[in-house]
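Just below is one structure, and these are the notes that go with it.
Letters go in sequence order (proteins before strands), and every chain restarts at 1.
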Amino acid sequence: MNGPGEGGAAAGPYAKVSAGGGWTGKVRRRAVAALPPDKLLPDTQPAYMASWIYVFGVLTVASLIVVLATGGVLALKGPAWWHVSGTGKYVNSLHLWSVELLMFFMVIHLWGKFFMAAWRGRRALTWVTGAVCFFTSIGTAFTGYLVQQNFDSQWIAGQAKDGLNSVGIGAFFNVLDFGQMLMWHIVLLPFVLGLLTAWHVLLVRWRGIVPPIGATDPADHGRASPAPSPEETP
Amino acid sequence: MSRGHRKSGVPDPAAFPTRPYDLVKEFTIALVAVALLTVALASVFSSPDVKPVTLASWSRADGADFTATAVAELVVTSGE
């Protein structure tokens, strides 16, 4: 049985979407053509996805939501709350451990996709947005260490400033400025990470999950999915 | 195989046999599982908490020193 759930071009009732003119109509036609509802929220998946490795992407997104929720509580209560309240310290612990889980699941997801060569089949942008999400998460975590409001964060900032000054960005990314680092940690970087994650997930839905290396196309007998060529390596 | 997939040499995922799949259910289960795992890990391992040095902690630890410094600040005799 073949289903419309993964990959492929828009078909069936969504091939020609009725929409008015102007920019809005154009955007709607293109959006629905690229991601029709049964492709955006599929109720089938390719049979080759029968492996636990495919679960780590959704686990990463779930962890990110727990990180944002617990971080939101900490932000509302203020940066000193967790030092003076038992509840605050527990919420801080929830934030810390959800970040640990986020990084753990994300790295397993990264390894899985690396060994699948998941950038094949015009998926380079999916791979790149995922990699940028990874590096943005590391930066966001590091700014979290800087807003602990204790000698730990002061010492870490003292070490980090030398490295950042040496590459010329210390003037506008000042790790010794608590207020600036707090804004990076609770506003700017989470906003960027949220946008990148949404873009990454939409790209995954748009291109579909990459078939395994060596998988043959059922509709094209004997044609195998080749190993990634150097040209396909991002 | 669509034109784009033929060009890249990688088969179109839509060409493969499929099986039932509930994306929303999987996401919900993942979210609940991660939330419960976070609660368990936070309960067992907590988090490091190096206390900050604050005016409150200074005044409690050495009230006389805090008072003397504060008075010196108020009469503008400190730092001179």
Side-chain angles (χ1 to χ4, degrees), chain A residues 1-9 11 41-50 55 58-59 61-63 65-66 70 80 82-83 89-98 100-101 105 120-123 148-152 207-211 215-220 223 225-226 229 232, chain B residues 1-63 65-67 69-70 73 79:
Chain A
M1 164 185 147
N2 288 345
E6 289 287 337
L41 286 173
D43 54 9
T44 62
Q45 66 178 3
Y48 58 74
M49 287 181 67
V55 172
V58 74
L59 284 173
V61 175
S63 305
I65 289 171
V66 178
T70 54
W82 68 283
H83 284 301
K89 190 179 175 195
Y90 185 66
V91 175
N92 184 68
S93 304
L94 290 174
H95 192 58
L96 171 77
W97 282 103
S98 55
E100 302 281 358
L101 290 173
F105 293 140
R120 290 173 296 130
R122 305 173 77 200
R123 293 176 177 83
Q148 298 177 86
Q149 291 205 313
N150 56 21
F151 281 132
D152 267 10
R207 293 293 187 198
I209 307 296
V210 69
T216 55
D217 188 336
D220 194 4
R223 185 185 177 88
S225 173
S229 62
E232 277 203 290
Chain B
M1 188 185 243
S2 68
R3 195 172 57 188
H5 289 281
R6 189 174 291 283
K7 188 180 173 188
S8 71
V10 179
D12 184 353
F16 287 83
T18 59
R19 60 178 194 163
Y21 168 59
D22 194 334
L23 181 63
V24 174
K25 187 178 177 185
E26 179 184 301
F27 174 75
T28 306
I29 292 172
L31 187 59
V32 171
V34 170
L36 291 177
L37 193 54
T38 303
V39 166
L41 287 166
S43 302
V44 174
F45 297 110
S46 187
S47 56
D49 182 8
V50 177
K51 297 289 182 189
V53 176
T54 62
L55 287 175
S57 63
W58 175 22
S59 62
R60 273 196 299 272
D62 192 346
D65 182 59
F66 173 78
T67 306
T69 307
E73 292 283 344

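In this structure, the side chains of B:K51 and A:N150 stay at 4.5 Å or more apart for every pair of heavy atoms. You'll find the side chain of A:V66 reaches within 4.5 Å of the side chain of B:L31, heavy atoms only. Looking at heavy atoms from C-beta onward, B:T54 lies out of side-chain contact with A:H83 at the 4.5 angstrom threshold. Here the side chains of A:S98 and B:V34 are not in contact, with every heavy-atom distance at 4.5 Å or above. A:P42 is listed as a side-chain neighbour of B:L23, based on a closest heavy-atom distance under 4.5 Å.
Separating the CD atom in A:E100 from the OG1 atom in B:T38 is a distance of 10.5 Å, to the nearest 0.5 Å. Here the OG1 atom belonging to A:T44 is positioned 11.5 Å from the CG atom belonging to B:D22, to the nearest 0.5 angstrom. Rounding to the nearest 0.5 Å places CG of A:L96 at 9.5 Å from CG of B:L41.
Classified by interplanar angle (parallel below 30°, tilted 30° to 60°, perpendicular above 60°), the ring pair B:F16/A:Y48 is perpendicular.
If you tally non-hydrogen atom pairs under 4.5 Å between each of B:P48, B:P52, B:A56, B:S43 and chain A, the highest count goes to B:P52. For the options B:A35, B:S46, B:A30, heavy-atom pairs under 4.5 Å to chain A are most numerous at B:S46.
Contact annotation for B:V50: both backbone and side-chain heavy atoms come within less than 4.5 Å of a heavy atom of chain A.
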